[in-house]
Visitor: 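The structure's right below; bear with me while I get my questions together.
We use all heavy atoms of the structure for the numbers below, so side chains are in, but hydrogens, waters and symmetry mates are not.
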Amino acid sequence: MFDLTTGMSYGFFILCLVLGWGAAGALDFDGILRRTTSRWGRLLLRFGVALVLAEGFRLFLSFVLGPILDMFVNQSINGFKAF
């Protein structure tokens, strides 16, 4: 039920989400996230930006990591494919 490729796909998604979360905080040069009035508003805004950036990281890293991981696992990992 939970095999290696599924675990690697979820791990890859979490890695991209963490990279997106960090990039969302680093790109807040003008303090847009701090100017939002409510705490939940800041959290939702940063999470939305993190999801968009995570998708960008996923596309970029899938071209870099996908073929390398396919060599080691010897099967196609659908979660790492761009299309």
Side-chain angles (χ1 to χ4, degrees):
M1 185 160 133
F2 191 79
D3 57 349
L4 177 65
T5 57
T6 305
M8 289 173 67
S9 295
Y10 281 121
F12 184 66
F13 171 73
I14 290 170
L15 171 72
C16 290
L17 192 59
V18 168
L19 287 173
W21 184 265
L27 291 174
D28 188 26
F29 297 123
D30 295 327
I32 296 169
L33 295 175
R34 281 181 248 121
R35 274 190 248 155
T36 306
T37 56
S38 70
R39 183 174 185 227
W40 289 105
R42 285 192 305 259
L43 185 67
L44 288 175
L45 181 63
R46 186 168 179 180
F47 187 67
V49 172
L51 283 175
V52 170
L53 292 172
E55 181 64 17
F57 281 119
R58 186 191 68 82
L59 285 173
F60 174 72
L61 292 175
S62 66
F63 287 111
V64 175
L65 296 178
I68 295 170
L69 290 173
D70 280 344
M71 281 190 314
F72 290 123
V73 179
N74 281 338
Q75 61 187 17
S76 179
I77 301 173
N78 293 328
F80 289 86
K81 300 293 181 194
F83 298 103

Visitor: Is it true that Leu43 and Phe47 fall in one hydrophobic cluster, defined by side-chain heavy atoms closer than 4.5 Å?
Guide: yes
Visitor: State, to 0.1 Å, how close Ala23 and Phe57 come at their nearest heavy-atom pair, and which atoms those are.
Guide: CB-CE1, 4.2 Å
Visitor: Would Leu15 and Phe60 show up in the same hydrophobic cluster when neighbours are defined by side-chain heavy atoms closer than 4.5 Å?
Guide: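 Yes, Leu15 connects to Phe60 through the hydrophobic network.
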Visitor: Could you tell me which non-hydrogen atom of Ala24 sits nearest to which non-hydrogen atom of Ala50, and how far apart they are?
Guide: CB-N, 4.2 Å
Visitor: Which pair of heavy atoms, one from Cys16 and one from Leu61, lies closest together, and at what distance?
Guide: SG-CD1, 4.3 Å
Visitor: Rounded to the nearest 0.5 Å, how far does CG of Leu17 lie from CZ of Phe12?
Guide: 12.0 Å
Visitor: Look up atom CG in Leu19 and atom CD1 in Ile14, then write down how far apart they are to the nearest 0.5 Å.
Guide: 12.0 Å
Visitor: Has the side chain of Arg58 got a donor or acceptor atom that lies under 3.5 Å from a matching backbone atom of Phe13?
Guide: no
Visitor: Are Val64 and Val18 linked, directly or through intermediate hydrophobic residues, by side-chain heavy-atom contacts shorter than 4.5 Å (ILVMFWY only)?
Guide: no
